[in-house]
Amino acid sequence: MKDFSGKILFITGGASGAGLGQAKVFSEAGCKVVIADIRQDHLDEAMAYFKEKKADVHAIRLDITDREAYAAAADEVEKVYGGPPQLLFNTAGVNAFGPAEASTFEDFDWVIGVDLFGIINGLVTFVPRMIKAGKGGYICTVASMGGFMASSGCTPYSVAKAGAIMLMECYMQALKPYGIGVTCLCPGGIKSNIDQSALTRPEHLANTGYNTDEKTMEFEHNIYQTVGVDPVDLAKMLKQAIEDEQFLLIPTMGPGMDPAVMLRGTLERLVNYCTPEGMKRQAEMEKKRFEEMRQHLPQGANPYAGAADAGWGAARKDLTWVKPRQGF
Ligand SMILES: NC(=O)c1ccc[n+]([C@@H]2O[C@H](COP(=O)([O-])OP(=O)(O)OC[C@H]3O[C@@H](n4cnc5c(N)ncnc54)[C@H](O)[C@@H]3O)[C@@H](O)[C@H]2O)c1
């Protein structure tokens, strides 16, 4: 897709971070943008910005895990703009850090509910409407580099993001005959508000096995501000990927962080897991991995230093049977 002018774009998580960056870039490119978000304060702030710009942006408060509300949001788009969107960006997401073995059912239900089922809800709601409208279109999902690397420090997130990548590849195959393209964006870090994820966690899923005190949120915030890409820059990269109909977009995080190298490492890891010799090779590689990553951080800074002191990625304090985390 090259011409965005007059196209209707629906963005989940469109009121903050990556989604807000997308709303800014694509409204400037001529799209009529719907920003759907669970946080009313984020929606209000974003709408104040777009009103000043006189941009054609419509806000809908939506929890993407609520299927009935999602269908109502889709109806609202048709009412406001006269038809279903030609572009759907599944960008909303949450994260939670803590040891896999401390995870509760609620940790899995919440993170996978938003980060994987939220996307599924978007696809099942909108894809039939887009196909029936017969105008083709484009779907983008924001997964994560974390979908390629197992992380025992945010397991529900890694699972959801790996699932999202596979989900989108299946939909890319399925939607080709309808003229609907698909891009899966897998960033490594974004300057965003994702460290505030816990604020939108529903009461009935509040039981967590992770340490979630304010100190950890502050620590996490600093990490994203250090290693993260600017959301508007990221959205510009996404626009280019859509114009080029490129399925995977993995923005580099700097020198030595070439996406192709990272993907080859992923493949090599899986091959290594298939033999005892490979298992040993993999253990050696793992040892080197974080050291290499640290060397390439901006100005040699290591934003992960002090994680243990901040209790970031630790288990809930009363789960004394959980061993302290190694690494970071
Ligand atoms: N921040 C990073 O470093 C990073 C890295 C890789 C991938 N990502 C992914 O980027 C996407 C955007 O996140 P971000 O970093 O811009 O964070 P963000 O918190 O700034 O934006 C996410 C938005 O999604 C909304 N949201 C959360 N739960 C929702 C729900 N149930 N229904 C509707 N809206 C909901 C939030 O209110 C927020 O406004 C996410 O999918 C995230 O996993 C982020």
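Worth knowing before you read on, the calculation uses all heavy atoms, side chains too, and leaves out hydrogens, waters and symmetry mates.
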Engineer: Within this structure, what is the CE-CD1 distance for the pair M1 and I242, rounded to the nearest 0.5 Å?
Structural biologist: 7.5 Å
Engineer: Between Y210 and S103, do the side chains contain a donor N or O and an acceptor N or O under 3.5 Å apart?
Structural biologist: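 Short answer, yes.
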Engineer: Is any side-chain N of the basic residue among E243 and K239 closer than 4.0 Å to the acidic one's carboxylate O?
Structural biologist: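 So E243 pairs with K239 through a salt bridge.
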Engineer: Using 4.0 Å as the upper bound for N to carboxylate O, is an ion pair formed by K317 and D213?
Structural biologist: yes
Engineer: Do D37 and L62 have side chains that approach each other closer than 4.5 Å (heavy atoms only, starting at C-beta)?
Structural biologist: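 The answer is no, as the side chains (C-beta and beyond) never meet within the 4.5 Å cut-off.
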Engineer: Applying side chain to side chain contact (heavy atoms under 4.5 Å, CB included), run through N121 and I64 and close with a yes or a no.
Structural biologist: CA-CA 7 Å; N121 294 343; I64 57 168; 5.7 Å; no
Engineer: For T141 and L185: C-alpha separation, side-chain torsions, deciding distance, then whether side chain to side chain contact (heavy atoms under 4.5 Å, CB included) applies.
Structural biologist: CA-CA 6 Å; T141 285; L185 169 57; over 6 Å; no
Engineer: Please answer whether the main-chain N or O of V232 pairs with a side-chain N or O of K236 as donor and acceptor at a distance below 3.5 Å.
Structural biologist: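 No: the side chain of K236 does not pair with the backbone of V232.
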Engineer: Output, in order, the C-alpha distance, side-chain angles, deciding distance and verdict of side chain to side chain contact (heavy atoms under 4.5 Å, CB included) for I120 and L167.
Structural biologist: CA-CA 8 Å; I120 291 169; L167 176 70; 3.8 Å; yes
Engineer: Please name the pair of heavy atoms, one in A160 and one in D115, separated by the smallest distance, quoted to 0.1 Å.
Structural biologist: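 Nearest heavy atoms, A160 then D115: CB-CB, 3.5 Å.
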Engineer: Where do K215 and D309 come nearest, in terms of heavy atoms and distance?
Structural biologist: NZ-O, 3.3 Å
Engineer: Is a side-chain donor or acceptor of K32 paired with a backbone partner of K7 at a separation under 3.5 angstrom?
Structural biologist: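 Such a contact is absent between K32 side chain and K7 backbone.
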Engineer: Is it the case that over 12 heavy atoms from other parts of the model lie below 6.0 angstrom from the CD atom of E76?
Structural biologist: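 More than 12 within 6.0 Å, yes.
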Engineer: How about N193 and S16: does a side-chain donor come under 3.5 Å of a side-chain acceptor?
Structural biologist: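 Side-chain D/A pair, N193 to S16: present.
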Engineer: Keeping S197 on the side-chain end and N95 on the backbone end, is there a donor-acceptor pair under 3.5 Å?
Structural biologist: yes
Engineer: Under 3.5 Å, is there a donor on one side chain and an acceptor on the other for Q40 and D44?
Structural biologist: yes
Engineer: Check whether any side-chain heavy atom of L175 lies under 4.5 Å from a side-chain heavy atom of I131, and answer yes or no.
Structural biologist: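 Yes, their side chains come closer than 4.5 Å.
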Engineer: Nearest heavy-atom pair of Y138 and I180: which atoms, and what distance?
Structural biologist: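 It is N-CG2, 4.1 Å.
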Engineer: Does OH belonging to Y171 count more than 12 external heavy atoms closer than 6.0 Å?
Structural biologist: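 Atom OH in Y171 is packed in, count exceeds 12.
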Engineer: Where do G209 and D107 come nearest, in terms of heavy atoms and distance?
Structural biologist: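 Taking G209 first and D107 second, the nearest heavy atoms are N-OD2, 2.9 Å.
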Engineer: Run the salt bridge (charged side-chain N to carboxylate O under 4.0 Å, His left out) check on D75 and R129 step by step: do they pass?
Structural biologist: CA-CA 10 Å; D75 290 342; R129 293 178 191 237; 2.9 Å; yes
Engineer: Tell me whether T125 contacts the main-chain N or O of G122 through its side chain, where contact means a donor paired with an acceptor under 3.5 Å.
Structural biologist: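 A pair under 3.5 Å: no.
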Engineer: Should Q282 and R269 count as side-chain neighbours, where that means a heavy-atom distance under 4.5 Å?
Structural biologist: yes
Engineer: Taking atom CZ as the centre, does F108 end up with more than 12 heavy-atom neighbours from other residues, nucleotides or ligands that are less than 6.0 angstrom away?
Structural biologist: yes
Engineer: Does the side chain of V142 reach to within under 4.5 Å of the side chain of N90, using non-hydrogen atoms?
Structural biologist: no
Engineer: Checking side-chain polar atoms at under 3.5 Å, does Y81 have a donor or acceptor matched by the opposite partner on D56?
Structural biologist: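 A pair is found: one side chain offers a donor N or O, the other an acceptor, under 3.5 Å apart.
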Engineer: Going by atom types only, do T183 and Q246 share a side-chain donor-acceptor pair under 3.5 Å?
Structural biologist: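 No donor-acceptor contact under 3.5 Å links the two side chains.
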Engineer: Both conditions, 6.0 Å and 45 degrees, for the charged tip of K24 above the ring of Y49: are they met here?
Structural biologist: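 K24 over Y49 ring: yes.
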Engineer: Minimum heavy-atom separation for A143 to C184, with atom names?
Structural biologist: CB-SG, 3.8 Å
Engineer: Output yes when a side-chain donor or acceptor of T12 lies under 3.5 Å from a complementary backbone atom of T91, and no otherwise.
Structural biologist: yes
Engineer: With a 4.0 Å cut-off on N to O distance, would you call R201 and E106 a salt bridge?
Structural biologist: no
Engineer: Report yes or no: does S144 contribute a side-chain atom to a donor-acceptor pair with the main-chain N or O of K161 at less than 3.5 Å?
Structural biologist: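 No, because the side chain of S144 does not come within donor-acceptor range (under 3.5 Å) of the backbone of K161.
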Engineer: Which atoms form the tightest heavy-atom contact between L116 and G163, and what is the distance?
Structural biologist: CD1-C, 3.7 Å
Engineer: How far does SG of C154 sit from CE of M149, to the nearest 0.5 angstrom?
Structural biologist: 10.0 Å
Engineer: In plain terms, say whether R39 and D41 are close enough for a salt bridge, that is, a side-chain N and a carboxylate O under 4.0 Å apart.
Structural biologist: yes
Engineer: What distance separates F247 CZ from M168 CE, expressed to the nearest 0.5 Å?
Structural biologist: 7.0 Å
Engineer: How are the rings of W312 and F97 set relative to one another: parallel (under 30°), tilted (30 to 60°) or perpendicular (over 60°)?
Structural biologist: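 W312 and F97: tilted rings.
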Engineer: So L249 and M237, side chain to side chain contact (heavy atoms under 4.5 Å, CB included) or not? Walk me through it.
Structural biologist: CA-CA 8 Å; L249 172 58; M237 290 181 222; 4.1 Å; yes
Engineer: Check the side chains of Q196 and H221 for a donor-acceptor pair under 3.5 angstrom, ignoring hydrogens and angles.
Structural biologist: no
Engineer: Check this for me: Y273, atom OH, are more than 12 non-hydrogen atoms of other residues, nucleotides or ligands nearer than 6.0 Å?
Structural biologist: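 Result for OH/Y273: enclosed.
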Engineer: Would you indicate whether K79, at its atom NZ, is surrounded by more than 12 heavy atoms from other residues, nucleotides or ligands within a distance under 6.0 Å?
Structural biologist: no
Engineer: So, does T155 use its side chain to make a donor-acceptor pair with the main chain of S151 at under 3.5 Å?
Structural biologist: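 Present.
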Engineer: Can you confirm whether V182 sits close enough to C140 that some side-chain heavy atom of one is under 4.5 Å from a side-chain heavy atom of the other?
Structural biologist: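 No, their side chains stay 4.5 Å or more apart.
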Engineer: Go through it in stages, so that I can follow the logic: the residues are F126 and F10, the test is ring pair (Phe, Tyr, Trp, His ring centres under 6.0 Å), and I'd like the CA-CA distance, side-chain angles, deciding distance and then a yes or no.
Structural biologist: CA-CA 10 Å; F126 277 122; F10 188 93; 4.8 Å; yes
Engineer: Take F89 and F26, measure what ring pair (Phe, Tyr, Trp, His ring centres under 6.0 Å) needs, and give me the verdict at the end.
Structural biologist: CA-CA 11 Å; F89 291 177; F26 285 83; 5.0 Å; yes
Engineer: Is a donor on one side and an acceptor on the other found under 3.5 Å between the side chain of Q86 and the backbone of I8?
Structural biologist: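 Yes, the answer is positive, given that a donor and an acceptor are paired below the 3.5 Å cut-off.
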Engineer: Got a second to check how far I35's CD1 is from M47's CE, nearest 0.5 Å?
Structural biologist: 5.5 Å
Engineer: I'd like to know if the side chain of N211 reaches the main chain of A315, judged simply by a donor and an acceptor atom lying under 3.5 Å from each other, with no hydrogens or angles considered.
Structural biologist: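 Side chain of N211 to backbone of A315: no pair is present.
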Engineer: Does the side chain of V77 come within less than 4.5 Å of P84's, by heavy atoms?
Structural biologist: no
Engineer: Is the shortest side-chain N to carboxylate O distance from D318 to R316 below 4.0 Å?
Structural biologist: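 Yes, D318 and R316 are salt-bridged.
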Engineer: Are side-chain heavy atoms of M262 and D258 found at a separation under 4.5 Å?
Structural biologist: no
Engineer: Kindly indicate whether the side chain of P259, heavy atoms from C-beta on, has any atom under 4.5 Å from the side chain of T252.
Structural biologist: yes
Engineer: Under a plain distance cut-off of 3.5 Å, with no hydrogens placed, do E169 and Q173 share a side-chain donor-acceptor pair?
Structural biologist: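 Checked: Q173/E169 side chains show no N/O donor-acceptor pair below 3.5 Å.
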Engineer: Going by atom types only, do E268 and N272 share a side-chain donor-acceptor pair under 3.5 Å?
Structural biologist: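 The criterion, which ignores hydrogens and geometry beyond distance, is not satisfied for N272 and E268.
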